[in-house]
Amino acid sequence: MNLPPDPTATSEKTAAPRAHSAADRASVEERILAPLNEAQRRAVTTTEGPLLVLAGAGSGKTRVITHRIAWLIQHEGVAPWNILAVTFTNKAAAEMRDRLTEMIGDAARDVAMGTFHSLCARMLRRDGEAIGLPTGFNIYDADDQARVIKGFLKEDDLPATGETKPSLILGAISRAKNEGLSAEQMEDRAITHHEHLIARFAKRYAAEMRRLDALDFDDLLLEGLRLLREAPAVADRYRAKWHYLHVDEYQDTNRIQYGWVRELAMGRGNLCVVGDDDQSIYSWRGADIRNILDFERDWPTATIVPLEQNYRSTQTILDAAHGVVSNNEGRKAKKLWTERSGGHTIPVFGAFDQEDEAAWIVRRIEELTSARPGKAQEEAPTPHALSEIAILYRTNAQSRAIEEALLRAVVPYQLIGGTRFYQRREVKDALAWLRVLRNDADRISFERIINVPPRGIGEKTIELLRAADAARAEDGAGASYGSIVASAGTGELQGLSPRARTALAGVAAIVERLRSRLALVDLPELLDAVYSETGLRAHLAAEGVEGEERWANLLELRGIAGRFLELEPLDALDRFLEETALVADQDALEVDVDRVTLITLHAAKGLEWPAVFISGLTEGLFPHSRALEDREQMEEERRLCYVGITRAKARLYLSYALRRSWGAGDGAPSRFLEEIPEELLESANEDDPRTGEAAAFGRGARGFAAARGGIGGGGAWREGSGDVGAPDGSFRPSRDLEARRRAYGAGARSGSLHVPDADGIDELPDDEDGDLDAVRPVGRVPAWLANRFKGARESTQSDAPDTRTAQALPASGVRRVIVPGERTFRDGDRVRHARFGEGIVVTSRLTRSDEEVTIAFAGVGVKTLAASMAQLEVIG
DNA sequence: CACCTAGTACTTTTT
DNA sequence: GTACTAGGTG
């Protein structure tokens with residue numbers, strides 16, 4: 001792999017490539033400017049001084065930055081290493097570099113690019129000593145942070161729930177940090193009891209992080225800023241290095257990031273920021289829309305270039321987006337336009353529940369991806385590739401129902417976000433081993449791996465170690481946690497069982513052995529050593545199928561580590577740990593793979609697809625319930641909706657489910673639906689006999705509002721139309737989603753790292769565990785339909801088991817209807833299974849919508865099967 | 001000390 | 001629907 005150079009390196013370079021002759025310059029102008037419109041050209045050629053590019057969605061923002069950089073290099077003669085571009089994700093940086101390479105060749109390699117977090121991390125690694133920061137710090141993610149806080153809670157004997165829930169405490173600390181407040185300032189400002197509590201935690205947290213030699217995501221930015229402010233020599237070096245600064249997605253920068261950029265831009269003032277206030281969706285993480293709204297005030301000489309021509313979407317889609325976002329008050333008035341007039345109207349589907357909604361989406365996808373003979377030409381566009389389709393939703397939890405439907409229909413997909421590769425337990429364990437090797441003070445990582453694989457070190461032992469560590473901290477003794485582990489192993493710590501002592505000595509020995517190789521072997525080799533020396537490998541080998549899966553992930557990690565071979569071992573380690581800590585969800589997105597993309601609205605920012613589904617448009621979900629009472633938050637939800645809609649190039653589909661499975665009860669159709677001009681929408685509910693239009697769709701008293709009244713209260717639409725958009729009948733219990741993902745190769749949870757090839761899609765897994773029945777996408781009737789069936793059955797007074805089979809029901813392949821709350825198998829029943837032969841029911845357990853039967857089969861062993869799936873015949 | 005089970009509490013978005 | 005905890009057992 002060709003690794004871009006470290007953007008923070010400040011070594012001297014030779015002369016910049018430059019077009020010398022007038023003819024050369026003319027051809028450069030032609031090449032770089034020709035594809036651009038007037039406004040884009042202005043943005044590209046305005047190279048000196050502050051520049052704000054107000055780039056509406058799809059207006060060629062990335063193109064402007066790329067061409068601007070090319071222009072600087074080839075027309076203005078600026079050296080590539082004098083240019084910095086800050087992007088929102090590493091993926092965006094990589095893409096920009098690729099495009100730039102196409103334009104200007106190898107010189108693109110030397111342009112500095114990265115995210116705020118990665119740039120700060122590099123600078124701190126290199127120069128942190130100038131502000132008293134140890135450069136061997138580890139980077140802590142939310143999980144690591146939570147472990148730190150949980151430690152405090154344990155010391156204080158406080159619950160990790162309610163108002164002392166770690167994520168809440170951390171959220172409050174983070175918010176304060178992003179406002180630039182120190183823990184001490186928090187304490188000074190605290191008024192309520194709770195604020196004092198949080199402030200005290202903040203103080204402790206800061207002190208502990210220092211002791212742990214760790215920086216969290218906020219710290220990277222804060223310390224990065226402090227470095228520029230408090231180490232003038234260092235700051236000057238970077239100012240001398242980067243003459244031209246670019247910031248992409250500027251609307252989502254926070255005050256700290258802004259301060260950091262401003263420090264760098266001081267002097268030359270060549271700062272180009274590109275953003276769209278309508279797409280500001282990260283205020284909850286400190287992004288400050290004032291950065292964009294007040295840019296002119298902060299930089300009075302700034303040039304402002306609005307880009308309002310959209311090259312992505314049809315007019316219909318833009319009008320829909322505008323209809324929504326124009327309801328916001330705090331925005332710079334603007335309206336995008338496009339030459340692509342007209343466009344497909346936007347189908348809106350009101351589903352009964354999430355399954356129903358997902359089934360509808362899958363049907364539309366099947367339409368999109370298959371040619372439809374028999375229809376008129378304009379009705380039958382060329383089929384779409386799966387990779388041209390994305391399904392967007394507000395919360396990660398919503399992906400589940402959609403995944404189920406896609407799995408059932410055997411439609412390959414890639415899921416972005418959710419449980420990420422680097423968050424998987426075994427991957428984090430392996431990385432924690434590396435972090436321990438890197439930094440002896442990293443107690444959190446130590447505690448993570450000290451008993452991985454299990455070696456008899458439990459909570460009690462860890463508590464003793466922590467007490468010893470805390471005691472030394474109070475003495476002001478600088479001993480690292482690692483040295484405490486080591487000394488405990490040699491017998492210096494009282495109160496340990498001999499067994500624990502031996503185990504600790506073992507850990508210390510492993511650490512020492514591995515560390516001795518640290519600077520000598522390359523990263524994949526080091527990981528191999530970690531896997532074998534620690535016993536991880538042997539442990540997973542003994543863990544069956546799940547162990548195999550985990551082991552595969554560890555091999556994957558080793559593969560990723562191979563990207564750093566060209567670096568010195570220690571640099572490679574730092575770089576690897578940094579990149580694994582700072583990967584963005586979006587970085588996992590694969591573009592060259594033919595799969596439907598499932599992604600949150602947030603993560604979809606900056607991306608585009610020919611066909612986009614936005615699902616879950618119900619009040620309380622989207623807009624989210626936490627925004628309902630707060631105007632500012634509501635406006636952000638609206639911007640999020642705007643972002644979602646403008647991801648679509650040609651086709652947009654909207655849907656909502658009136659009944660939600662958890663928590664907040666039933667949802668009314670989202671207000672955003674009402675904000676889209678009606679003539680742009682078309683109902684996808686075709687089966688209401690009363691109105692001839694969508695049952696749950698329309699305007700005014702008869703429309704969305706009627707749908708609101710309809711559900712739960714015995715409203716008209718449900719009775720009148722029967723089962724609106726009845727599910728296609730196939731359904732399976734949601735257990736073991738992970739196993740089925742694997743079976744279909746459908747969803748590496750973190751994309752590029754781990755996606756099996758698409759060819760495996762039609763293969764069913766071996767049935768070693770007897771769970772084939774739970775894997776195969778056989779149909780089952782949804783519980784609400786089954787209930788209805790139950791009523792019918794009772795009225796016939798029939799108890800014959802046959803009536804529980806489902807010939808009469810629409811679903812194909814149904815084996816057995818499970819009536820909620822009723823077991824159909826008793827302990828001791830003799831049953832026959834198509835593959836396993838005869839067996840005896842050991843136990844049976846009811847789940848929400850199914851029955852789990854555990855059966856002992858002669859010669860096969862004990863299997864647990866889903867009654868709705870397994871073809872079980874009672875024989876005695 | 002590890003493992004299992006049952007019960008409980010909570011459920012946005014992410015670098 | 002899950003993530004965590006408490007409490008019991010081996």
Side-chain angles (χ1 to χ4, degrees), chain A residues 86-92 114-121 139-143 145-146 150 154 159-162 165-168 170-171 174 178 215-221 224 249 252-254 256-257 280-287 354 392-401 404 416-420 422-423 451 453-462 497 499-500 503 578-579 581-587 599-605 616 620-628 633 636-637 639-640 643-644 660-664 733-738 845 847-849:
Chain A
V86 187
T87 58
F88 201 67
T89 62
N90 300 302
K91 183 189 172 60
T115 63
F116 281 106
H117 289 89
S118 61
L119 289 163
C120 285
I139 299 170
Y140 273 21
D141 67 11
D143 183 68
Q145 290 178 283
K150 278 182 198 158
K154 191 151 199 192
T161 53
K165 192 180 165 179
S167 62
L168 289 182
L170 286 164
S174 175
N178 281 316
L215 298 180
D216 63 28
F217 289 135
D218 297 325
D219 294 334
L220 288 175
L221 303 176
E249 306 284 8
D252 286 321
T253 53
N254 65 31
I256 309 297
Q257 291 165 326
S280 166
I281 54 173
Y282 282 102
S283 73
W284 51 272
R285 143 183 138 177
Q354 288 186 317
L392 276 46
Y393 37 79
R394 177 67 234 267
T395 67
N396 283 305
Q398 289 168 259
S399 72
R400 202 179 186 90
E404 306 251 354
I416 305 303
T419 318
R420 292 151 218 167
Y422 293 110
Q423 318 255 87
N451 197 38
R455 51 171 67 83
I457 300 169
E459 212 158 311
K460 274 203 158 165
T461 307
I462 291 173
S497 68
R499 186 178 159 194
E578 176 198 308
E579 290 198 12
L582 297 177
V583 272
D585 274 352
Q586 243 191 48
D587 296 337
I599 192 168
T600 63
L601 286 148
H602 280 89
K605 191 181 68 158
L621 232 203
F622 189 32
H624 197 268
S625 55
R626 300 175 94 116
L628 295 179
Q633 284 195 53
E636 182 146 316
E637 295 289 304
R639 290 192 293 269
L640 189 58
V643 167
R660 287 194 274 136
S661 41
W662 34 256
S734 54
R735 294 176 56 248
D736 215 1
L737 185 64
E738 197 61 37
R845 191 169 86 88
T847 62
R848 192 174 58 82
S849 59

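What you see below is based on every heavy atom in this structure, not just the backbone, and it leaves out hydrogens, waters and symmetry mates. Numbers restart at 1 for each chain; the letters A, B, ... are given by sequence-line order, proteins then strands.
Within the 4.5 Å cutoff, no side-chain heavy atoms of Phe88(A) are placed close to those of Gln586(A). Contact of the Val643(A) side chain with the Leu601(A) side chain is not registered, since no non-hydrogen atoms from C-beta on lie closer than 4.5 Å. A heavy-atom distance below 4.5 Å is not found between the side chains of Phe217(A) and Arg285(A). Counting heavy atoms from C-beta outward, Glu249(A) and Thr87(A) have side chains that stay 4.5 Å or more apart.
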Tabulated below should be each protein N or O lying under 3.5 Å from an N or O of nucleotides 12-14 of chain B; please produce it.
from	atom 1	to	atom 2	distance (Å)
dT12(B)	OP2	Arg626(A)	NH1	3.1
dT12(B)	O4'	His624(A)	NE2	3.3
dT12(B)	O2	Arg394(A)	NH1	2.9
dT12(B)	O2	Arg394(A)	NH2	2.0
dT13(B)	OP1	Asn396(A)	N	2.7
dT13(B)	OP1	Asn396(A)	ND2	3.2
dT13(B)	O4'	Arg394(A)	NH2	3.2
dT13(B)	O2	Trp284(A)	NE1	3.0
dT13(B)	O2	Arg394(A)	NH2	2.8
dT13(B)	O2	His602(A)	NE2	3.2
dT14(B)	OP1	Thr600(A)	OG1	3.0
dT14(B)	OP2	Asn396(A)	ND2	3.3

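Put simply, the side chain of Asn90(A) never gets that close to the backbone of Gly114(A): no donor and acceptor are under 3.5 Å apart.
Heavy-atom distances to DNA chain B give each of Leu168(A) and Asp218(A) a nearest nucleotide, and the one nearer the 5′ end belongs to Leu168(A). Two residues, Ala581(A) and Ser167(A), neighbour DNA chain B, and the one matched to the more 5' nucleotide by heavy-atom proximity is Ser167(A).
Nucleotide dC1(B) holds its C1' atom 9 Å from the CG atom of Asn451(A), rounded to whole Å. If you take CG of Asp143(A) and P of dT15(B), they are 15 Å apart, rounded to a whole angstrom. Atom pair Gln423(A):CD and dA3(C):P shows a separation of 12 Å (rounding to whole Å applied).
If you check every strand for non-hydrogen atoms under 4.0 Å, Thr461(A) touches sugar and phosphate atoms only.
When all heavy atoms of Leu582(A) and Ala121(A) are compared, the pair lying nearest together is CD1-CB, 4.3 Å.
For the OP1/OP2 pair of dT11(B) and a distance below 4.0 Å, the side-chain nitrogens and oxygens of Lys165(A) include at least one atom meeting the criterion. Side-chain nitrogen and oxygen atoms of Arg455(A) include none within less than 4.0 Å of the OP1 or OP2 phosphate oxygen of dC1(B).
dC4(C) and dT13(B) have their P atoms separated by 15 Å, with the value rounded to a whole Å.
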